[in-house]
Amino acid sequence: MCAYNEAPRIANILSVVINHPLIDEVIVVDDGSTDTTAEQILIHAKIDVITHGTNKGKSYAIATGITHALNDLVMLLDADLIGLTKEDITGLAEPVLAGNADVAMSLRKNSFRLHKFL
């Protein structure tokens with residue numbers, strides 16, 4: 001998970017993923033945040049935190065997190081998701097873990113119709 005100035009939002013998503021039974025490891029890349037994002041992350045002991053001293057952008061932060069992952073399967077989540085539930089995480093992970101899909105994607109309710117079609 002990449003985070004840049006997500007202090008007001010990141011605690012919600014972390015509370016869902018930290019103790020989820022299908023998640024073995026949680027990596028958060030603090031991409032040079034200038035607010036209290038780092039403090040919000042450090043409240044949780046089960047997180048591997050990587051800090052960029054300056055903002056390097058989302059793609060760079062994602063690459064940093066993937067490089068540090070210990071597992072073969074990776075789930076990318078945004079730090080500002082609203083309304084994320086354990087059931088959402090399970091629904092995203094189960095098709096891949098069961099071998100029924102190589103990739104699973106979740107779309108926001110307000111996604112473009114083309115994305116929903118694909």
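From a predicted model like this one, the values you see are computed outputs, not experimental measurements. What you see below is based on every heavy atom in this structure, not just the backbone, and it leaves out hydrogens, waters and symmetry mates.
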One should read off an interatomic distance between Asn12 CG and Asp80 CG, to the nearest 0.5 angstrom, of 11.0 Å
Rounded to the nearest 0.5 Å, what separation is found between the CD atom of Glu87 and the NE2 atom of His20? 7.5 Å
Nearest-0.5 Å distance, CD of residue Glu6 to CD of residue Gln40: 11.5 Å
For the student: nearest non-hydrogen atoms of Ser33 and Tyr4, plus distance: OG-CA, 3.4 Å
Grouping I, L, V, M, F, W and Y whenever their side-chain heavy atoms are under 4.5 Å apart, do Val16 and Leu42 come out in a common cluster? yes
Got a sec: does the CG of Asn71 have more than 12 other heavy atoms crowding it under 6.0 Å? yes
Quick note, side chain to side chain donor-acceptor pair (under 3.5 Å) partners involving residues 59-69, not counting sequence neighbours, are His52-Thr64
Are Val28 and Ile62 connected in a single hydrophobic cluster, I mean Ile/Leu/Val/Met/Phe/Trp/Tyr linked by side-chain heavy atoms less than 4.5 Å apart? no
Apart from Val96 itself, its cluster of hydrophobic side chains linked below 4.5 Å comprises Leu22, Leu73, Leu97
Can you check whether Met1 reaches Ile10 side chain to side chain, under 4.5 Å on heavy atoms? yes
Nearest heavy-atom neighbours spanning Ile13 and Ala79: CG2-O, 3.9 Å
Spatial distance of atom CD1 (Ile23) from atom CD1 (Ile89) [nearest 0.5 Å]: 5.5 Å
Distance from Cys2 atom SG to Asp78 atom CG, nearest 0.5 Å? 8.0 Å
Are Leu81 and Leu14 connected, step by step, through hydrophobic side chains (Ile, Leu, Val, Met, Phe, Trp, Tyr) whose heavy atoms are closer than 4.5 Å? yes
Please check: side-chain N/O of Glu25 versus main-chain N/O of Leu70, any donor-acceptor pairing under 3.5 Å? yes
For Asn55, which of Asn5, Asp30, Asp31 qualifies under side-chain contact (heavy atoms from CB on, under 4.5 Å)? Asp31
Within one Ile-Leu-Val-Met-Phe-Trp-Tyr cluster: Val29 and Leu77, side-chain cutoff 4.5 Å: no
Is there a side-chain contact between Ile41 and Glu39, using heavy atoms and a 4.5 Å cut-off? no
For Ile43, which fellow cluster members are found when Ile, Leu, Val, Met, Phe, Trp and Tyr are connected by side-chain heavy-atom distances below 4.5 angstrom, either directly or through intermediates? none
I would like to know whether Lys46 and Asn19 meet side-chain hydrogen bond (donor to acceptor under 3.5 Å, both in side chains); could you show each step before the answer? CA-CA 9 Å; Lys46 296 181 179 181; Asn19 293 312; 2.8 Å; yes
Under a 4.5 Å cut-off applied to non-hydrogen side-chain atoms, are His44 and Ile47 in contact? yes
Do Met75 and Ile18 land in one hydrophobic cluster if side-chain heavy atoms of ILVMFWY residues count as linked below 4.5 Å? yes
Any side-chain to backbone donor/acceptor pair from Thr37 onto Ala7? Under 3.5 Å, distance only. yes
What closest approach, in Å, do Ala69 and Val74 show between heavy atoms, and which atom pair accounts for it? CB-CG2, 4.2 Å
